Amino acid sequence: MKTLIAVATVLVAVAGAASAHQLPLGDGKVSTSPRKGYVFSCQTRFPANAPGAHAAGPWISGDSYDPARKPTVDGAASWPASLTISLEGGNRVIRANSLPRHATGNFPITSSDDAYNYDRNPNRIREQPVVMRLPVVPSTATPSCVPMGMIGFALTGTAIFNALDAGGRDAPAHEIQDRCNGHPERNGQYHYHDASPCLTDSHGQPGGHSDVIGYALDGFGIFGLRGEGGKTVVNADLDACHGHTHEVVWDGGKRAIYHYHLTAEYPYTIGCFMGKPVAQPVRQAGPPERGPPPGMRLPPSGGPRPPWRQN
Ligand SMILES: [Zn+2]
Ligand SMILES: [Zn+2]
């Protein structure tokens, strides 16, 4: 009997090593109340034929996926980013054109890009002027749901969305992003659904807590992947909204304050708002939405998902 147990342990260890790069797939983890490891989403019904990636890639197997095996949208397009953040009275005022401070892939995704086999994002990145007035020191409130679209703003000058694609699935698992883990939605708004390697995070030198990488629409900070002692944060370290409270650097000083963390695992950014969110920031209306690209038609019902996206 002892021998059998020892063999079983070895097998588990080997399986663990083999799946070191696998992440659990978040599909279906959408809730109508705060729940750890879920997105408490304001939208809970999703169209079956929603826009998005039209083909499931081989990087998804069963209930897990390997982000390292996903194609990346090619290109190195640069943008005239504009971002200012100022403290005005009790408000942190973010003014931005939503263009990223880093290079992006080429969108629309071109047919010569391997990403095109799975995701034909036809949207062009476009300026989206935003003005956000967030409390400098927010208060916690009854947790509330996160909307589709922007849930926060990153210090790279661009939007952070929740973990869901337009069909309510795990967006980072299904959708193809550029090397900064970003892509544009149908209005041309560039955004991330999860941690971007293009975010600046010194995590306070080795062994330190991550830096703030952006702000949620309730004003609380979103910090990088590392918690106290430089330890990589996992969902188990966080509450249902994907945050916790301890002393962090806040506007140059130290303050014990609630904050969210990015994690490698779903829901990646925030699961619900722990403070009262401001309304979605006012955006200037852009040019009319692009329809399907030339030569592309809506498939008959039951056919493949239309490749132009909403989220
Ligand atoms: Zn923390
Ligand atoms: Zn998206």
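Because the structure is predicted, anything quoted here is derived from the model rather than measured. Counting starts at 1 for both ligands and their atoms, in listed order. Hydrogens, waters and symmetry mates are skipped; everything else that's a heavy atom, side chains included, is used.
The atom name of the N/O/S atom in His259 closest to the Zn ion (ligand 1) is NE2.
Aromatic ring centroids of His102 and Tyr190 lie under 6.0 Å apart. Here His261 and His209 bring their ring centres to under 6.0 angstrom of each other. Aromatic ring centroids of Tyr260 and Tyr258 lie under 6.0 Å apart.
Between the NE2 atom of His246 and the NE2 atom of His244, the angle centred on the Zn ion (ligand 1) amounts to 90° when rounded to 10°. Computed with the Zn ion (ligand 2) at the centre, the His193 NE2 to His183 NE2 angle is 110°, stated to 10 degrees.
Residue-environment remark: CZ (Arg179) stays at or below the threshold of 12 foreign heavy atoms within 6.0 Å.
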